[in-house]
Amino acid sequence: MSQQPASAQNTNAAAAFDLECRNINKDFDGFKAVNNVSFNVPTGTFFSILGPSGCGKTTLLRMVAGFQTPSSGDLLIKGKSMLGVPPNKRPVSMVFQHLALFPMMDIAANVGFGLRQRGVPREDIAKRVETVLERVGLPGVGSRHISQLSGGQKQRVAIARCMVLEPDVLLLDEPLGALDLKLREHMKIELKKLQSEFGTTFVYITHDQSEALVMSDQIAVMNHGEFEQVGAARELYHEPKTAFVAGFVGEANSFTAKVDSINGDAATLVSDDGLNIKGHDASGNLQQGDKAKVYVRPESIRLATSANQLDNVENLNQGIIENILFNGANSHILLREEKSGGELNVAIPQTGQFRDLTRGDKVYIGWEAAQTRCYKES
Amino acid sequence: MSQQPASAQNTNAAAAFDLECRNINKDFDGFKAVNNVSFNVPTGTFFSILGPSGCGKTTLLRMVAGFQTPSSGDLLIKGKSMLGVPPNKRPVSMVFQHLALFPMMDIAANVGFGLRQRGVPREDIAKRVETVLERVGLPGVGSRHISQLSGGQKQRVAIARCMVLEPDVLLLDEPLGALDLKLREHMKIELKKLQSEFGTTFVYITHDQSEALVMSDQIAVMNHGEFEQVGAARELYHEPKTAFVAGFVGEANSFTAKVDSINGDAATLVSDDGLNIKGHDASGNLQQGDKAKVYVRPESIRLATSANQLDNVENLNQGIIENILFNGANSHILLREEKSGGELNVAIPQTGQFRDLTRGDKVYIGWEAAQTRCYKES
Amino acid sequence: ETLRLLTWGGYAPENVIELFEAETGHTVEVTKSNNEEMVAKLRATNGGGFDLAQPSQDRIAGAQAEFDIYKPIDLSKIDESLFIPSMLEATKGNTTYNGEIYGVPHVWGTSGLIVNKAEASGVTDYLDLCDDSVAGKVSYRLKRPTLIGFAFSMGLDPFAAYNDEEAYKDILAKVEEKLIECKPNVKTYWGGGDEIKNLLRSGEVVAAMAWDTGGWSLNADNPDITFVAPESGALGWIDTFVLPKRGRADEAAYAWINFVMQPEIAAMITNSAGNFTASQGGDEGVEDALKARYQESFPPEAVDNIKWYPTVPANLETLEGAVLDRVKAAN
Amino acid sequence: MNSVHSRLSLYLLFTPFLLWLALLIIIPHIFMFLVSISVKTGVREYVTGLGNYMVFFTEPLYWNTFARTAFMSVSATFLTLLIGFPVAYYIAKLTRGRTKTTLFLMCLIPFWVSELVRTFGWMILLRETGIFSSFLQYIGLASEPIEFLYNDAAIMVGLVYTSMLFMVVPLVTTLDSLDDSLIEAGYDLGGNGITVLREIIIPHAMPGIVSGCIVVFMLSLGNYLTPILLGGKDSLWFTGLIYDQFITRFNWELGSAFGFLLLLLSSTIVWAGLKLSGQSLTNTVGR
Amino acid sequence: MIRTLPQSNTFKWTYRAYVTLFFVYLALPLTVVCLMAFNNSVFPSLPWEGFTWAWFFGDEDPFIGVFNDRSILRSIGTSMFVAFWVSLLSIAVGTTNAFLFVRHDFKFKEFFYILMLLPLIIPGIILGISILVFSNAVANNLENATGMWFDGLRPGLPLVILGQFSFIATFATLVISARLEKFDRSLEEAALNLGATRLGAIRQITLPFLFPAIAGAGVVAILMSFENFNTTLMLVGSDAPLTINMFDRLKLGSTPVLNAVSLLLIVVSALLGLVSLLFQKRDKSS
Ligand SMILES: Nc1ncnc2c1ncn2[C@@H]1O[C@H](COP(=O)(O)OP(=O)(O)OP(=O)(O)O)[C@@H](O)[C@H]1O
Ligand SMILES: Nc1ncnc2c1ncn2[C@@H]1O[C@H](COP(=O)(O)OP(=O)(O)OP(=O)(O)O)[C@@H](O)[C@H]1O
Ligand SMILES: [Mg+2]
Ligand SMILES: [Mg+2]
């Protein structure tokens, strides 16, 4: 109760952002877990931080929650610096990776925990708990025990437990990590819906790109403690700014290649296997003779049974089908490119056109230079 | 060593099948965990059993391995009945869900365990262990400890431990279940490759349809202890025989509807929401007035900004985009059908044609009756 | 043979054992204990587990009647000439049950007072322990000798009342009252020899009812402290040799008895245990210092005044136990 | 095949269990009960009856000792919990790695020597001329020797000391199993030290607390040396009475009756404790 | 309240001071006992009379050191003998009990499990006297019936061993079951599947897995046996284990040789404890 009015005042004064991080650093005995990270999260948006295991996501989030102190930098919530504010006084709530529901209490007590701490009267608590449980789609479960809920229901209780406090920012640390596949798919959509319903700012961390892509308004891709790129899902997927983002977000065939010639953005390269590649200089600083990383998405490669079907593409090659990975709408072909002997992963179009290709068939493959993104290798 | 010659003789005599199950049943105190299951696995194939949790997959596999006794039915390996043969005398090996590598032994001792039980001389064991480790791509790791291997490497050691015994059939019980997402994708392909290299018959169980679809020559879909359909991946995906298979294998929009009229295979139905649907009677026994389950795959639904783009489709409707689930090549739209108010999941074509649709847009959607599979509801 | 000896501390010193083993070829295993425990152990083992035990002479006939744990002594195997005749005869008399003799004497000694002369020279009898001048600085055991000692000190004669239960109860009632009255004076009821020696040596206790040997060993350390025979008479006990009913090494047991009663050996034991033995001439080889202390504590008239324990009737200890319990519980 | 095998191995495994349980636990206690209801009427003469129990109920001394032992044991248990809990918490939650192992080890070391030695050490420390008293005089806090020994406080010190391990170890184990994120969640939702302790930590540690309390209580109740050696002239302990009956009074019958009563007492208090805390024997001491 | 939460400095330091005080409390009596082992006085208490090794190596009356004190050495031997058998019996029965309760389902299992736990809530002295009373009755009856002697049923080492075993077996069962509980049964099935026999699988897979717990239980049993007093006191015959011997000595007045023994005990049992801890470590890492 106490911090609500204070932060509300600040909202009017300064902040269009619910959360601002300014040059945050975190050293662990000389190891830089978070390196000079700055970002702003606009009010009411779903902001994801995506990165591989160990890149510093949890550390960053725990600094926001107050469980760790930044080595340097500032951290503002609704325009108010949080440095020195203990975790139980910050207007943020957190959904933990394993949810951290209290097994010694029933569900109503779990959800009401925060309100009790604020000294809200008993009847009010009961009312507000029931309301929030209804909003997450679990009316009437209050008297049940945690162990009587399914994984997805627990998830929603954990969110309800935070949302009942009406936090300015909700932090979520890989909350779907422990769920099984089908449930995960389902909860992705569910979470997104809950967020738009509550209108609360979500900061979500994950190492699963599909989670981030599906749910987020904004995604920050993190690697080795630094933000590589911040943007909307499509931006990251279609216009990755760095080699890391191109490789990490979405599937991609990758080559290492040498720049043969460069003309504005258009680059001609030769891969290590000897494949000629025409590509687009995405890093903007390629020079002749540079080593480069080249990425082509499986769905950017088009299949054809004759060369003339692929007239307008800059890269045209032939390959032999080695393996068909049938997976319904998401089927792929693994083929071996003839000239270089490299393996390529090609998406089979959903149209059903190439349904009867079989192993050993020879096909033409082609992709456009514009969809061939080249990055200078550091 | 001892059983090898015996089973070899039988091979010549009778069996084109490595494993035959004939009317296998398993009761647990009146609960039918496996119900009259029969199937044959041809030599050298990759056979998967796919089904939801609790459907009886593990029970079935454990009967094959000899850890459980069928209540009735027969079970033959290479044409020889296995009833009454204890697990340590059966020519099958099993890869367990959590691999069950022996933590008190190093890798060579793990892989050599079975050979030691057979009394193979020490030097022979060492040789054969090294050979099989090379075949699974892990030469020279023999002296390492289990904990020094990555998840994928452990997987391969578990397979090597079985393969060194040259079993007639290798049983695998969700061996990828414990791995993380990216590694799982990778191991799917790896496992398939290993199988074709060894040429051994694999019987693989999983609840993850994409694993089954990608790897198997034949898939049996299991539900409530029974086999619903056995067939190749494409068959199951494109021509599911039962409502359960249609819903379980691959994504699908489903409706419950009532049959309005029926003409041969062509059915006209009205969904509970009031949507008119033209479909294909997949169960072959629909009659007017029947309740039916109707399935349409997201990628079968075509999008259009004007009605005339969808001329030739039997089902034409309009909807408002509620949510765009961007996931690279595998993006979907959630939309609300105008007339019925039902929610539909539509795949966005990889072509990039509909890339700039946004929430709230109104679109036309259509799908063919042939891709609208209707099943009588029991 | 192995001789399993159940005895008191000091009665089987290492050097004696070594001599014995060298001479006879038997080996000796010593278990140190006290009267009650000896009887309790033998009762629990039904007279087994040990080959020779050394309870006091008053603990033999009664225990034999109740538990049947000893076997009669074959006097022909014992060299009676090694014993002081009067003690031998007295012991024989006291340890006779159903016409059989069960014990021969070994070590004798007394209970009396140990007093720190510098601090509590006024303490000359048990009752003086209850004097205000030594309040909080006295100690005694909560065991039967204390009851007996206080009774004598109060002018009563408990031994005379041994076989008259009513009279004995009467005496006990008076003693109980006195002990309860005296309780505030007591620092603690001591239980072990170590404890009382530490208490006296550190000066935490200045007067105590205890064994004579304790006083003498403290005297060696601090001349102020010594054993005093109380005016009403020290309580005299004789520790004996008895054969447990199911002892297995009788041969070695008799050999041990005859061996340790030799005067030279007896003197070694006296030097070790601090107490004199029933060995004829055994006091000759005793250290002079010890003799001196003995003589200081026991002027001739005090020797005559020693009250020797008669045999304890079977049922008596239950009565005494109840009194002791009540004293302990009183506040 | 499975069932035959498992039947056979069940019998094979059950035999040693049953032998152990019957011959060393159950039947001896039945015999003890039988002895306790035989009343001595004369030399080597006994009749069956409840006389021994009557003695207990009519003699206030026995009663008082019984009650006092129970009360002191319960107090010692609470005291041990009170002192041990913060330490266990410190070890479980505020240290890690080598420090944790070291501290944990240090908790164990005192218990690797016999109780006798520990008690002996306390006597050297507490006596009037002992180390505490000398030290207090040395630093001028006391003008004359102070007796710390021979009172109930000394008994408490000794009992708590003797039992500490059995409280700290189960507490450390259960507290270790408390996920840090639960405490963090408690704070994150606005809790403070006290509420988190009350609502999260203690409920979680309950099995460990109860387990520790049961063991400590049993150890205190069944202790013999500590109360005898450290306690003063008024100190009575029920095990001491049993010991007396067996060793100095040769009265096995009354001793057995006392033993049986002590067993009854311990079972009752343990049972009451379990009921009050809502735990079961199996999930506490049975881990 | 945990490392990751900010704490005020006062709180942090008060807490540390408390914990330090606690460990001082733990260490004090033992330190004192150990120091007195070097006191050049026949009394194990103050005043300090100077340093000596006599209580370890002395051979001159009254300064007889541990290593020249026959009865102490003998009772150490007795204690080791007892501890050996107790731990052997305990881990044997503990292991079978663990298999019984973890692997099998039978009628009244819950009830039997509680019976198995009973020794934990029976005071040691009562275990001692009940076994004493029982064996005494059996021996009396047998002797009356046969006229032979049954010394094994009278107080003595066999009874001491059985008495200690009666409750240490419960501890061993708990320690070993805890580990067996964690055992993944599919490891055994894997062994069967690879051709091992049932017993072969248990011998090659399960027992090696249990080994750390079995060894740990053995060490705990040895320590408990060594230090047990209450039960032993009631059952001991002529061969006294160390604690009983020390108790007898203390009653009769002792020299600092007892402190010296204690010091040795502390060192040895600390080493044993460390060994068992190492086992646990290894078990965690695997
Ligand atoms: N308290 C700490 N002390 C030292 N190093 C730490 C600490 N906490 C984290 N690290 C290190 O900081 C790095 C980042 O850790 P962090 O937990 O933030 O990663 P993450 O991105 O959340 O990974 P994951 O996806 O596996 O959860 C890691 O290399 C980790 O080893
Ligand atoms: N030993 C048993 N006794 C009684 N019921 C059993 C036993 N084993 C399995 N069942 C029941 O049989 C059914 C099938 O179990 P099974 O383990 O074969 O399922 P599954 O398909 O492998 O599931 P999952 O994917 O979760 O592993 C379940 O309902 C289960 O509860
Ligand atoms: Mg993390
Ligand atoms: Mg399964």
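The chains referred to below are lettered A, B, ... by the order of the sequence lines, with proteins before strands, and numbering in each begins at 1.
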Please state whether the side chain, the backbone, both or neither of [X] comes within less than 4.5 Å of a heavy atom of chain D.
{"X": "E:F165", "answer": "both"}
{"X": "E:N228", "answer": "neither"}
{"X": "E:I121", "answer": "both"}
{"X": "E:M116", "answer": "both"}
{"X": "E:I125", "answer": "side chain"}
{"X": "E:E110", "answer": "side chain"}
{"X": "E:L28", "answer": "both"}
{"X": "E:T170", "answer": "both"}

How long is the straight-line distance from [atom2] of [Y] back to [atom1] of [X], given to the nearest 0.5 Å?
{"X": "D:I26", "Y": "E:L118", "atom1": "CD1", "atom2": "CG", "value": "6.5 Å"}
{"X": "E:L127", "Y": "D:H29", "atom1": "CG", "atom2": "NE2", "value": "5.5 Å"}
{"X": "D:M218", "Y": "E:F167", "atom1": "CE", "atom2": "CZ", "value": "12.0 Å"}

Could you tell me if the side chain of [Y] sits less than 4.5 Å from the side chain of [X], heavy atoms only?
{"X": "E:F23", "Y": "D:C107", "answer": "yes"}
{"X": "D:P86", "Y": "E:Y15", "answer": "yes"}
{"X": "D:F260", "Y": "E:I129", "answer": "no"}

Point to revise | Among the listed options E:L162, E:L117, E:D105, the residue most often paired with chain D at heavy-atom distances under 4.5 Å | key: E:L117
Exercise for review: Considering only heavy atoms and a distance below 4.5 Å, find which of E:T96, E:V32, E:L100, E:V33 pairs most often with chain D.
Suggested key: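 Highest number of pairs under 4.5 Å: E:L100.
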Taking side chain as everything from C-beta outward and backbone as N, CA, C, O, which of these in [X] sits under 4.5 Å from a heavy atom of chain E? Side chain, backbone, both or neither.
{"X": "D:S266", "value": "side chain"}
{"X": "D:M106", "value": "both"}
{"X": "D:I83", "value": "both"}
{"X": "D:I131", "value": "both"}
{"X": "D:S9", "value": "both"}
{"X": "D:F132", "value": "side chain"}
{"X": "D:L165", "value": "neither"}
{"X": "D:L262", "value": "both"}

Review point. Between the main-chain N or O of E:Y18 and the side-chain N or O of D:Y90, is there a donor-acceptor pair closer than 3.5 Å?
Key: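 No; zero donor-acceptor contacts below 3.5 Å.
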Point to revise | Flag, side chain of D:W20 to backbone of E:A169, donor-acceptor distance under 3.5 Å | key: no
Quick one: closest heavy-atom pair of [X] and [Y], and the distance?
{"X": "E:M246", "Y": "D:L116", "answer": "CB-CD2, 3.5 Å"}
{"X": "E:V133", "Y": "D:S256", "answer": "CG2-OG, 4.0 Å"}
{"X": "E:P123", "Y": "D:L263", "answer": "CD-CD1, 4.1 Å"}
{"X": "E:S130", "Y": "D:M32", "answer": "CB-SD, 3.8 Å"}

Check your understanding: Between D:F14, D:W122, D:Y161, D:F258, which residue shows the highest count of heavy-atom pairs closer than 4.5 Å to chain E?
Key ->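 Of D:F14, D:W122, D:Y161, D:F258, D:Y161 has the most heavy-atom pairs under 4.5 Å with chain E.
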Practice item. Look at D:I25, D:V270, D:V35 and state which one has the largest set of heavy-atom pairs under 4.5 Å with chain E. Key: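 Winner by heavy-atom pair count: D:I25.
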Practice item. Identify the residue among E:F106, E:F101, E:F99, E:Y113 that makes a ring-ring contact (aromatic ring centres under 6.0 Å, His included) with D:F17. Key: E:F101
Exercise for review: For the pair D:Y224 and E:F229, name the ring-plane relationship: parallel under 30°, tilted 30 to 60°, perpendicular over 60°.
Suggested key: parallel
